[in-house]
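Numbers here simply count residues along the sequence, with the first being 1.
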Amino acid sequence: MELGLVGLGKMGGNMRERIRRAGHTVIGYDRNPDVADVHSLEELVGKLKGPRVVWVMVPAGEPTQSTIDQLAELLEPGDVVVDGGNSRWTDDEKHAEELAAKGIGFVDCGVSGGVWGLENGYALMYGGDAENVAKVQPIFDALKPEGDFGSVHAGKVGAGHFAKMVHNGIEYAMMQAYAEGWELLEKVDSVENVREVFRSWQEGTVIRSWLLDLAVNALDDDEHLEGLRGYAQDSGEGRWTVEAAIDNAVPLPAITASLFARFASRQEDSPQMKMIAALRNQFGGHAVEKK
């Protein structure tokens with residue numbers, strides 16, 4: 001089938017290649033003319049035969065909204081837009097309603113796989129009406145990993161991005177657990193080869209995972225991570241997961257703590273720890289370190 005793909009960055013560019021390897025035609029547009037197949041959304045839509053499917057892989061928020069607004073004016077009834085970026089699920093409901101007013105279908109799709117997806121395939125979680133999902137299904141089949149698993153029609157519009165959001169929240173907590181365990185192992189004198197301890201966990205243990213494999217890869221590159229600064233960004237999904245938990249009264253202590261740990265990583269000299277040190281000094285006479 002034919003697909004229009006908007007956004008050819010690290011994820012989008014590899015997705016284009018994987019879809020082409022499966023025998024489909026992909027016409028890609030990106031603001032960077034060096035990677036684009038066409039030079040405008042108008043040209044992209046014009047080269048596709050109806051009913052068209054256009055997959056959007058641009059940053060969440062205004063870039064996605066602007067792209068969908070433009071496509072709403074260019075596409076025709078019966079066409080489908082897929083948002084494969086990291087949009088918030090509440091935006092999906094808005095986009096679906098706006099496009100439905102023009103007879104255009106909408107599918108939201110959470111995509112996981114990162115830079116490894118080209119060779120290994122992408123885990124896909126998508127939401128939308130069955131009729132619209134069916135129009136995109138050959139592309140989902142091309143992108144997913146080999147085998148019976150790796151993709152799911154999670155439910156109605158918004159379900160795909162909600163599922164991907166929760167996936168990323170779990171990822172936050174898992175990474176935090178590995179990081180805390182690594183720091184403790186590094187701290188004690190009795191454990192002399194932390195990297196090999198991590199490596200030993202890759203087979204036969206209940207905590208083996210792809211994230212553990214990646215941790216070992218990182219330690220192979222820099223055994224004590226001395227070349228890295230202890231600073232971690234959050235891309236938004238962790239915050240949204242915690243907010244959704246509050247809205248639904250679902251306790252998420254591990255995921256919430258892992259998000260706050262990232263905030264702490266951005267403080268060179270934590271104001272909170274200054275207050276804790278001052279209070280310990282006041283009530284217990286504990287020593288404080290002066291600047």
Side-chain angles (χ1 to χ4, degrees), residues 10-11 86 110 112-117 119-123 145 149-150 163-242 245 250-281 283-291:
K10 291 179 181 179
M11 287 279 282
N86 282 328
S112 182
V115 297
W116 301 83
E119 300 300 331
N120 297 341
Y122 299 88
F149 307 108
K164 175 58 163 47
M165 176 194 75
V166 174
H167 165 280
N168 283 21
I170 294 170
E171 177 186 295
Y172 273 47
M174 290 176 67
M175 286 193 290
Q176 185 66 25
Y178 283 128
E180 291 175 7
W182 173 78
E183 181 178 358
L184 181 57
L185 287 167
E186 285 276 330
K187 190 73 172 180
V188 302
D189 293 333
S190 58
V191 180
E192 297 177 344
N193 199 334
V194 175
R195 178 179 61 188
E196 295 310 310
V197 170
F198 261 57
R199 197 187 310 278
S200 75
W201 293 345
Q202 289 181 277
E203 299 292 341
T205 73
V206 296
I207 64 167
R208 63 189 184 272
S209 72
W210 187 41
L211 279 175
L212 178 62
D213 296 341
L214 295 176
V216 172
N217 289 348
L219 295 175
D220 281 339
D221 292 338
D222 181 355
E223 183 173 356
H224 303 289
L225 304 183
E226 294 170 329
L228 299 180
R229 181 184 167 207
Y231 180 102
Q233 281 284 8
D234 67 288
S235 57
E237 292 93 335
R239 299 186 189 212
W240 300 340
T241 305
V242 172
V250 174
L252 300 185
I255 292 174
T256 302
S258 68
L259 174 65
F260 287 177
R262 296 199 182 189
F263 297 162
S265 79
R266 299 167 203 171
Q267 297 177 327
E268 296 288 353
D269 190 14
S270 170
Q272 295 177 24
M273 291 304 106
K274 289 181 182 180
M275 176 56 73
I276 289 173
L279 289 171
R280 293 180 74 246
N281 178 257
F283 70 69
H286 300 288
V288 296
E289 294 185 10
K290 300 290 186 181
K291 279 192 174 181

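We find the CG-CG distance between Asn168 and Leu259 to be 12.0 Å, quoted to the nearest 0.5 Å. Atoms CG and CD, on Leu185 and Glu180 in that order, are 12.0 Å from each other to the nearest 0.5 Å. Between Phe263 atom CZ and Gln233 atom CD the span is 10.0 Å, to the nearest 0.5 Å. Here Phe198 contributes atom CZ and Asp220 contributes atom CG; the two are 12.5 Å apart, rounded to the nearest 0.5 Å. Taken to the nearest 0.5 Å, the CD atom of Glu171 stands 5.5 Å off from the NE2 atom of His167. The CZ atom of Arg195 sits 12.5 Å away from the CH2 atom of Trp182 when rounded to the nearest 0.5 Å.
Inter-residue side-chain proximity for Leu214 and Trp116 is flagged as met; some heavy-atom pair is nearer than 4.5 Å. For the pair Val197/Asn193, no side-chain contact is recorded, criterion being any heavy-atom separation below 4.5 Å from C-beta on. Put simply, the side chain of Leu219 does not reach to within 4.5 Å of the side chain of Arg199, judged on heavy atoms.
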> After noting the C-alpha distance and the side-chain angles of Tyr172 and Thr241, does the key distance pass the side chain to side chain contact (heavy atoms under 4.5 Å, CB included) rule?
Replying inline: CA-CA 10 Å; Tyr172 273 47; Thr241 305; over 6 Å; no

> Do Lys187 and Glu183 pass the side chain to side chain contact (heavy atoms under 4.5 Å, CB included) test, and can you show the C-alpha distance, the side-chain angles, and the key distance before you say yes or no?
Replying inline: CA-CA 6 Å; Lys187 190 73 172 180; Glu183 181 178 358; 5.6 Å; no

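For Arg208 (side chain) and Glu203 (main-chain N/O), no donor-acceptor pair under 3.5 Å exists by modelled atom type. Between the Ser265 side chain and the Ala232 main chain, a donor and an acceptor come within less than 3.5 Å of each other. A donor-acceptor pair under 3.5 Å is absent between the side-chain atoms of Thr256 and the main chain of Val242, judged by distance alone.
Of all non-hydrogen atoms in Leu252 and Ala245, the two that sit nearest each other are CD1-CB, 3.3 Å. The nearest pair of heavy atoms linking Gly227 to Asp222 is N-OD2, 2.8 Å. Closest approach of Ala123 and Pro145 over heavy atoms only: N-CD, 4.3 Å. Residues Ser258 and Ala173 share a closest heavy-atom pair of OG-N, 3.5 Å. Taking all atoms of both residues into account, the shortest heavy-atom contact from Gly113 to Trp210 is O-CH2, 4.2 Å.
Enclosure of atom OH in Tyr231 by more than 12 non-hydrogen atoms of other residues, nucleotides or ligands within 6.0 angstrom is indicated.
Applying the salt bridge (Lys or Arg N to Asp or Glu O under 4.0 Å) definition to pairs two or more places apart or across chains, those involving residues 228-242 are Arg229-Glu268, Asp234-Arg239, Asp234-Arg266.
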